[in-house]
Enquirer: 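Here it is, the structure, as structure tokens.
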Amino acid sequence: MTTPSAPPALLWLRRELRLHDNRALAAAVGSARPVLPVYVLDDATPGPWADGGASRWWLHHSLSELAASFAALGAPLVLRRGRTAGVLAALAAETGAAEIHAGQPIEPWAIAAVAELRARLTIPINLHRTLTLHGPDAIRTQTGTPYGVFTPFARACRLRGEPERPVPAPSRMPAAIAPHSDRLEAWRLLPSRPDWAGGLRTAWQPGEAAARKRLATFAAGPLPSYATARDLPGVEGTSRLSPHLHFGEISPDAAWRAATAAGAGRGIEVWQNEILWREFSANLLWHHPNLPFAPLRPEFAAMPWRTDPDGLRAWQRGETGIPIVDAGMRQLWQTGWMHNRVRMIVASFLVKHLLLPWQDGAAWFWDTLVDADLASNSAQWQWVAGSGADAAPYFRIFNPVLQGTKFDPDGAYVRRYVPELANVPAAEIHAPWQAPDLVLRGAGVALGRNYPKPIVDLAAGRQRALDALAALNKARS
DNA sequence: TAAATGTTGCC
DNA sequence: GCAACATTT
């Protein structure tokens with residue numbers, strides 16, 4: 001028999017903002033103690049990796065939903081702000097907590113926060129697998145080393161079979177005596193003056209209920225044709241689950257199993273592979289804590305990155321004069337998300353054609369993406385740069401004109417996000433600088449006036465990148 | 001998860 | 001002249 005005044009179990013929620021399939025929550029409930037769920041807003045410990053603007057918008061709404069869910073169970077969510085370890089240690093002391101349950105973190109700063117907490121407290125701190133399909137040390141090669149290449153990593157994951165059965169949401173929770181909680185509104189996670197979140201509100205509905213609904217809708221609709229449709233940014237062919245997965249509004253286990261339950265087929269296999277890319281990135285970050293700021297391949301430290309504030313700003317604003325790049329960057333700015341095919345194109349353009357550091361691109365994505373994820377963001381930027389896992393730099397200079405022609409053949413995506421070009425015929429829309437004057441005039445486009453000329457010559461930019469990469473390889477051998 | 005360039009084989 | 005295929009970056 002639990003009474004509210006008995007020593008509670010603290011449930012520290014960070015990136016598992018859900019009731020379903022939450023092993024940390026299940027363990028706290030299973031402790032037979034009053035449960036005290038807490039979220040800590042920590043802008044200090046993560047350093048540069050504190051949540052960016054778009055993430056904060058999402059976080060506000062996700063926490064609002066989660067708080068309502070906990071309130072309905074009779075165990076209010078406590079909100080505290082400050083350095084994670086200090087806040088949790090103080091809360092544990094204040095409430096006489098007997099144990100702490102949390103998700104196993106993979107971000108270096110969060111791992112350090114747990115270590116600091118352990119140093120401060122004598123009560124047990126139990127970490128549970130909540131972020132990924134497998135524990136961070138579970139998948140290793142036969143010789144015990146971490147995987148550095150995706151394909152064998154994915155094979156090893158699949159050999160383990162289906163994920164464990166999801167844990168149901170608790171139907172009731174023994175509540176603790178509620179300590180003070182901040183008001184969510186007081187955290188000012190939402191933008192004001194100017195309110196730039198209009199596009200986010202239109203595009204997204206954060207929260208566990210919406211996450212589950214989106215997964216179900218995707219599994220019942222686009223999933224079978226995902227293998228081909230996912231490459232077309234003008235088509236709603238992807239799941240758009242990434243922010244829900246990042247904040248843990250749904251578990252990767254639930255996502256994986258929903259796909260399996262939808263039947264067999266190429267689309268399912270390819271989509272589950274994307275879940276495994278997420279898993280691979282988490283694994284890389286766990287084994288390489290420098291992944292967010294230092295090249296995994298050390299020879300890339302000598303890469304002759306350029307300094308070009310104007311070029312970087314043009315890329316950020318979607319004013320490079322390359323339509324598919326500008327469309328992607330504007331989709332990101334407006335909606336907090338970018339289609340994955342286009343992420344690869346804009347990243348390749350920044351790192352190869354502009355020869356700007358991948359860290360600059362990663363930082364911009366960090367601030368503007370609602371799905372900004374330290375592991376995935378860092379791993380993917382390094383992948384594009386060629387400095388990361390699965391190295392093959394020559395394979396990754398995307399020609400944005402060819403990519404646009406191939407994957408946005410009618411130009412629907414470009415028209416949506418670059419309205420200046422809306423009336424350019426499909427044959428010319430991905431390279432307006434090559435269009436006959438008459439065609440441009442007919443479409444109301446005056447290059448250099450209402451749409452920029454390309455800020456870099458694509459052939460010359462490509463060659464410059466190849467030369468730089470060749471010099472790196474030469475220096476290494 | 002690419003693109004450019006070179007070569008072959010056919011009209 | 002050009003499409004299919006092979007090689008190089």
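No hydrogens, no waters, no symmetry mates; every other heavy atom, side chains included, goes into these values. In what follows, chains carry the letters A, B, and so on, assigned in the order in which the sequence lines appear, proteins first and then strands, with residues in each chain numbered from 1.
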Enquirer: With side-chain hydrogen bond (donor to acceptor under 3.5 Å, both in side chains) as the rule and sequence neighbours excluded, what pairs involving residues 449-460 of chain A come up?
Expert: A/Asp326-A/Tyr451
Enquirer: Is A/Glu420 paired with A/Arg330 through a side-chain N to carboxylate O contact shorter than 4.0 Å?
Expert: yes
Enquirer: In whole angstroms, how far is the P atom of B/dA3 from the CG atom of A/Leu469?
Expert: 16 Å
Enquirer: Let me confirm one number: the CD-NE2 distance from A/Gln463 to A/His353, rounded to the nearest 0.5 Å.
Expert: 10.5 Å
Enquirer: Using a strict threshold of under 4.0 Å (side-chain N to carboxylate O), is an ion pair present between A/Asp371 and A/Arg343?
Expert: yes
Enquirer: Working note: A/Asp43 + A/Asp51, criterion side chain to side chain contact (heavy atoms under 4.5 Å, CB included); need CA distance, chi angles, decisive distance, verdict.
Expert: CA-CA 7 Å; A/Asp43 289 322; A/Asp51 282 333; 5.5 Å; no
Enquirer: How close or far is atom C1' of B/dA3 from atom NZ of A/Lys352, stated in whole angstroms?
Expert: 12 Å
Enquirer: Rounded off to whole Å, could you give me the CZ-to-C1' distance for the A/Phe407 and B/dA2 pair?
Expert: 9 Å
Enquirer: Look up atom CZ in A/Arg155 and atom CG in A/Leu276, then write down how far apart they are to the nearest 0.5 Å.
Expert: 12.0 Å
Enquirer: Which whole-number value in Å describes the distance from A/Phe398 CZ to C/dT9 P?
Expert: 21 Å
Enquirer: Counting just side-chain N and O atoms, does A/Lys406 come under 4.0 Å of either OP1 or OP2 of B/dA3?
Expert: yes
Enquirer: Can you give me the N/O atom pairs linking the protein to nucleotides 4-7 of chain B at distances under 3.5 Å, or say none if there are none?
Expert:
from  : atom 1 : to       : atom 2 : distance (Å)
B/dA4 : OP1    : A/Asn399 : ND2    : 2.8

Enquirer: In whole angstrom, what separates A/Glu269's CD from B/dT1's P?
Expert: 13 Å
Enquirer: Would you kindly give the CG-to-P distance between A/Leu466 and B/dA3, to the nearest whole Å?
Expert: 13 Å
Enquirer: Distance check needed: B/dA2 C1' versus A/Gln463 CD, whole Å only.
Expert: 15 Å
Enquirer: May I have the distance from A/Leu458 (atom CG) to C/dT9 (atom P), rounded to whole angstrom?
Expert: 21 Å
